[in-house]
Amino acid sequence: MQGTHHMRRTRIETGISRRKFLGQSLTTATAFSIVPRHVLGGKGHTPPSEILTKAVIGVGSMGTGHLKLGDTKLLAVCDVDEKRAERAAQGKPDVKSYRDYREILERPDIDIVHIPTPPHWHGPISIAAAEAGKDIWCEKPMTRTIGEGQKVVEAVQRNGRIFRLNTWFRFSGRFYGSGVQARTVKKVVDSGMLGWPLKATLSGVTGFTWKFNWIGQTGIKPEPIPKELDYNMWLGPAPYRPYFKHRTHSTFRGYWDYDGGGLGDMGQHYLDPIQYIMGKDDTSPVFVEADAPQQHPDAVGTWGRIVLKYADGCEIQLHGTDQDPDAALLEGPQGKIFRGFKSDIPNFQKKVDSLPEVEPQVTDFVNAVRTRQKFALNEENGHRSCTLINLGKIALRTGRPLHFDPIKQRFISDDQANRLINQPMRAPWQI
Amino acid sequence: MADLARSIRCSVFSVVCATVMCGSITVHADLKELLSKYPAKSPEEQSKLSAEILKRDAAKELCTMLVPKSVNDDKNVRYALHGLAWHTGRQGAEEEAKQYTAVLINALQNAQDKDVKAFLIRQLELVADNAAVSTLGGYLTDEQLCNPAARALITIGTAEASAELLKAMPKTKGRELVEIINALGSLHVTQAVSAIEKHADNSDRDTRIAAMYALAHIGEASSEPTLRKGMQTEAAYEQARVSSFYFTYLSRLAKNGDEKKSEKKSIQICRELLGSDKPHIQCSAISTLAAIAGDDASSDILAAAKSSNSELRVCALKLTLKLKSSDITKQLADSIAAASPEQKIELLDILAQRGDASAMPEILLTLKDSDSSVRRSAILASVKLQSVDAVPELLALLKNTTDKKETELIQGALPRIRGEKVMALVADELKESNAHQKINLLSILASDKAAAHNNLIFDLTKDEDSDVRAAAIKAFGFTAGENDTGRLITLTTDMTSSREQSAVQAVLVSVLKLNKDNNKAAQIILTAMKDMPAEKKSILVSVLQKLGGKAALTEIVAGTKSSDEKLQITCVRALAGWSTFEASDALLDLTKSSDSTAHQVLALRGYLKLLENEVMDSAGKVRLYQDAAALVKRPDEQRMIIAELAKLSTPESLSIIATYLDNDEVKSEAALAVAQIVMLQRKNKQILNKSFLPAFQQALPLITDEKMKSSLKKSMKRIRE
């Protein structure tokens, strides 16, 4: 706790935040070349005093991966499952475990909070973290509702925070079936080679899987709550439901109260790069329709297709159980790109090689925190790509075509669908 | 007309209701059948099933079929009732929604189990209006049902819903009280302020926070001291939340009541809070100030944008994006000169985002900055602002930089600036450059596919520097068109370096392939070859091979009989390297008829390669291998045949392989292939057949791999059993 007191004193006495202090010390350090690199830092030699600190809230299967993300020092872990929290802190003397994330937000020595909780917690914790002056690394999907997304954007921007969403295909790694990085596909789109408007199809045929193993169970009888689980806190802002195991931990995605099945799990991985490729980071579709079996009021089911259309005629088709064997990943009036970055355009690869690179992106989150630059996948474009998922979920649940106003972020002439945009929370939670 | 239609629909609905009520036993039997169709397989079916339930007035009876989760699985009933909520809640079905709401209210009042009641309330949340308000209000004091009831009331969101929440507030405590306070805040219920303020210093943290949340969202002037006091708490989490609520409050206050007075007060408080020692509070203060005052906050925003605190500075800089005046651009641009490198980068980023090219003179200066990170931002800003004025500066930087990353950045940046003048400037620069610079510039022209500068690029394919020539050939590949085939043919046939020749040939082929008919494309080469000496013809043979097609093939086959030795061997090699099966007959002919062993071997290997890649049925392929085997004399090709036959793994291929077990030079490979087929086909009775036992017996001692040996032994044992 000595460190905590020290940092608090630093803020009160000097009015300098920990992050600024670190930024200054970094600048100062570079001025004294006499000091050995292993003390001051540099490539492979970041000294302990310059490392940003983090806490991971939610240390289930996703959260365990977050423990090692980023060049930062882990100081705290939190989970409503006592066993998981203790396991995550085990063997790490500097790491304290918590069951209530609010205690973590009270610590002034933590710079960044990771939020790999189930999605119904993403909005409330992100907002509270921004209000507490923390920078945020949040799991996908960004939020469970469109309204929560809007509020996260507002809180992050108002408090001057840096936010990153934990999916990366817009700036790193091969983008699933395309076999190349998203920016290579964007180069092609930006060049006009495919023409306009575009249709994107995300299906098994084009290299994506919607993971329908994430469907919920119905008619399950309540079970006793495990001793180690604070179920009330696990539910948090979600409506109270009697406990049964399948609702929680690694199978929660099958329930509307917490996520949206495979669409929720994989949607932002797949759709965010498509929004980027199509240049739709600041807007949303104007139409959505789902072809699916009726959805259960509580449990997420499967679906055949979801169609999202933009005002300029661009379209995204998600093919679940209903696949088109001839579908192209991207299709424009002048050409198509298929799985494996194959195309019907003559001399395609040669043409691609000659295209200028797209605008570089800010892809180092820890550096973005230090320099206060907006991260490549941030609260704004993250909210927009998450909106695609939330539109799809509402179309699935209502079972009818819906028209959406991307500026007001409300459905047009459908008051009932609008009831799903902002869903009130269970007390004491509010955003 | 609409009213009349609605009234008729209503009457029909009532008549149907009355009729069906009389025969409820029949309805129940039918209902089971209807329920068995759930969940609906499609939206259309869902709609039809819901319409059918309404037609039969069966919703009420369905509600009685709900059972607690702990008792039984009533999932189809829940599918049906939930489907009805969506169906009746659609636009234009208000009358049906009213009827269904009435059914749900009735069922809610009659239900005993709280899980069932919660389910019914959740359906009301989707479909109900004011008609459900008083019923829902009755559950606000219930520990288990307060949350669903409050949710439904918030969603209904009318003055009546607010009044019901307010009415219930004095009767609640604990979590239910928090639930109601939150709901009153969400609905901005002004009348609730005094009641809520009483809980601002409640001993329970959740209640206090809810009270602050509600007061902030209502935004009455009288709540300011309460909220300000709430911010003074030492508990960090609560302080952070209430501080945030306070900014929400200031925004709402500015819009409420006496607009001018309230706005002035909010602005004044925001300015005070800019002095906070917490950067995120400072950020909130400047953000809220900007939201309230708009352009009137520009001087505050610009001042904050010069803060020594980077969090506040960057936050304020982002807010300048909302201030559209070009005077703001000027002020930001003017501040670059005196800024630190870190600040310069931030300013350049924001100026780029503003999209106002009037900042370019100051940005151009930063292209000469001593800090490479600043220059990087300036390059990116120049592209974003599409500044042609920046092109000479960028070219100068490209000329002088030794940083590879910077070079690549500029090379990528220039083609992204639109305008004919850009590449003209690049081309001009090319004329005055040294070899290293020429290479960099050629790659820019290539990226831009700058066909207008084709001649210049072509000239450089003959440059005295070999690296420049290589870069020019590469660039020409991106800029050349069909009209360039003539000079490409001349260039390739005149070249002395085989590496460069092969690069030019690749360009020539890609240009020729722009013509989708490869026979027509081949004709261009054939015409050019007509009067050429054999030596030059040989060079173009490989172009023909890469083009493919019947015309090219015919010419190459003819060339295999040429009297010119060099041309002949070139054609044989080209034929042997042919990629489509249409050359197979010619290759077999050559294998059989050539006097040269070397030609025979090349042709045979070419044929075997084509056969390997050709997709056809296994039986046909085995037959072709059998024919080829008769022509094969050398162990190398025999091994090729054995390996391919092993892949086919049929009884016929096994029979052919077995014939090689007597051949001393390839018997080991044959034995291995036998064992491989047996392992792959261990359930195939045609393979594990007595007729093959002698072959297996012969292969066994030749196999050295113990695993394969043991597998073969086991299979032999099984055959014998």
Side-chain angles (χ1 to χ4, degrees), chain A residues 11-12 15-17 19-20 23 27 102-103 105-106 108 128 130-133 155 157-161 218-222 239-240 242 290-297 301 346-347 350 354-357 359-360 371-373 397-400 413-416 419 423-428 430, chain B residues 38-43 46 69-70 73 75 78-79 82-83 86 89-91 122 126-127 147-148 150-151 154-155 175 178-179 182-183 186 206 209-210 213 236-237 240-241 243-244 247 277-280 283-284 287-288 309-312 314-315 380 412 415-416 446-447 449 478 510 513-514:
Chain A
R11 280 179 181 228
I12 293 167
I16 296 174
S17 76
R19 242 169 264 106
K20 181 169 167 50
T27 315
R102 291 172 289 190
E103 291 178 49
L105 298 185
E106 292 194 325
E131 289 168 347
Q157 296 188 348
R158 186 164 83 181
N159 287 283
R161 298 298 92 206
T218 57
I220 302 285
K221 290 181 182 170
Y240 176 80
D291 184 9
Q294 183 186 2
Q295 300 294 307
H296 186 268
N347 289 329
K350 192 191 130 188
S354 76
L355 294 172
E357 281 304 318
E359 198 177 326
T371 59
R372 311 313 292 168
Q373 284 177 291
R397 296 184 72 184
T398 57
R400 58 177 174 258
S413 303
D414 199 322
D415 294 338
Q416 193 182 35
R419 291 185 179 203
Q423 294 172 38
M425 294 183 169
R426 192 171 65 105
Q430 73 284 90
Chain B
Y38 278 97
K41 289 176 186 62
S42 66
Q46 184 181 331
K69 284 215 163 167
S70 53
D73 183 4
K75 68 177 179 188
R78 291 187 188 226
Y79 267 118
H82 189 59
W86 293 123
R90 72 194 189 279
Q91 204 71 16
R122 281 196 289 270
L126 296 176
V127 74
N147 170 253
R151 275 178 69 115
I154 294 171
T155 306
R175 187 184 276 265
V178 177
E179 199 82 66
N182 276 344
S186 301
D206 289 340
I209 291 178
Y213 165 84
Y237 172 77
R241 292 242 71 194
S243 301
S244 176
F247 287 107
D277 62 352
K278 294 189 175 110
H280 73 282
C283 291
S284 288
S287 302
T288 307
N309 181 309
S310 65
E311 291 188 27
L312 175 61
V314 174
C315 180
L380 296 175
R416 296 214 308 273
S447 288
K449 296 192 282 293
F478 293 117
S510 70
K513 279 190 173 172
L514 293 173

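Reminder, nothing fancy here: chain letters follow the sequence lines and each chain counts from 1.
- Contact of B:Y213 with chain A is made through the side chain alone, with heavy-atom distances under 4.5 Å.
- For A:A155, no part sits under 4.5 Å from any heavy atom of chain B, backbone or side chain.
- Contact of B:C283 with chain A is made through backbone and side chain together, with heavy-atom distances under 4.5 Å.
- Once rounded to the nearest 0.5 Å, the distance linking OG1 of A:T398 with CG of B:L126 reads 10.5 Å.
- Between A:P239 and B:N147 there is a side-chain heavy-atom pair separated by less than 4.5 Å.
- Counting heavy-atom pairs closer than 4.5 Å to chain A, the top-ranked of the candidates B:C315, B:G89, B:G412 is B:G89.
- Counting heavy-atom pairs closer than 4.5 Å to chain B, the top-ranked of the candidates A:E357, A:E103, A:Q157 is A:E357.
- Note on A:P356, A:G160, A:P293, A:P297: by heavy-atom pairs under 4.5 Å with chain B, the leading option is A:P297.
- When side chains are defined from C-beta on, B:I209 counts as touching A:Q430, because their heavy atoms get closer than 4.5 Å.
- Between B:Q91 and A:Q416 the shortest side-chain heavy-atom distance does not fall below 4.5 Å.
- For chain A, the option among B:R78, B:R151, B:K75 with the highest count of heavy-atom pairs below 4.5 Å is B:R151.
- Of the two parts of A:R400, only the side chain, counted from C-beta on, holds a non-hydrogen atom closer than 4.5 Å to a non-hydrogen atom of chain B.
- Nearest approach of A:A427 to B:V178, heavy atoms of both residues: CB-CG1, 3.8 Å.
- Distance NZ/B:K513 to NZ/A:K350: 11.0 Å, rounded to 0.5 Å.
- For B:S243, no part lies near chain A; criterion is any non-hydrogen pair under 4.5 Å.
- Summarising the geometry of B:V127 relative to A:R419, their closest heavy-atom pair is N-NH1, 3.5 Å, with the distance given to 0.1 Å.
- Partners of B:Q46 by side chain to side chain contact (heavy atoms under 4.5 Å, CB included), not counting sequence neighbours, listed by chain and number: A:Q294, B:A40, B:W86.
- Between A:A290 and B:P43, the shortest heavy-atom distance links the atoms O-CG, 3.6 Å.
- For B:R122, the part lying under 4.5 angstrom from a heavy atom of chain A is the side chain only.
- Heavy-atom minimum distance, A:E131 versus B:S244: OE2-OG, 2.7 Å.
- By number of non-hydrogen pairs under 4.5 angstrom with chain A, the leading residue of B:I154, B:L312, B:V314 is B:V314.
- Residues B:H280 and A:R161 are in side-chain contact: their nearest non-hydrogen atoms beyond the backbone lie under 4.5 Å apart.
- Listed by chain and residue number, A:Q295, A:W303, A:L396 satisfy the side chain to side chain contact (heavy atoms under 4.5 Å, CB included) test with A:A292 (two or more places apart in sequence, or in another chain).
- Note that the OG1 atom of B:T288 and the CZ atom of A:R158 stand 5.0 Å from one another [nearest 0.5 Å].
- Interface residue A:P222: only side-chain heavy atoms are found under 4.5 Å from chain B.
- For A:P428 against B:N182, the heavy-atom pair with the smallest separation is O-ND2, 3.7 Å.
- Counting heavy atoms from C-beta outward, A:L355 and B:K449 have side chains that approach closer than 4.5 Å.
- B:E311 places no side-chain N or O within 3.5 Å of a backbone atom of A:R372 that could act as its donor or acceptor partner.
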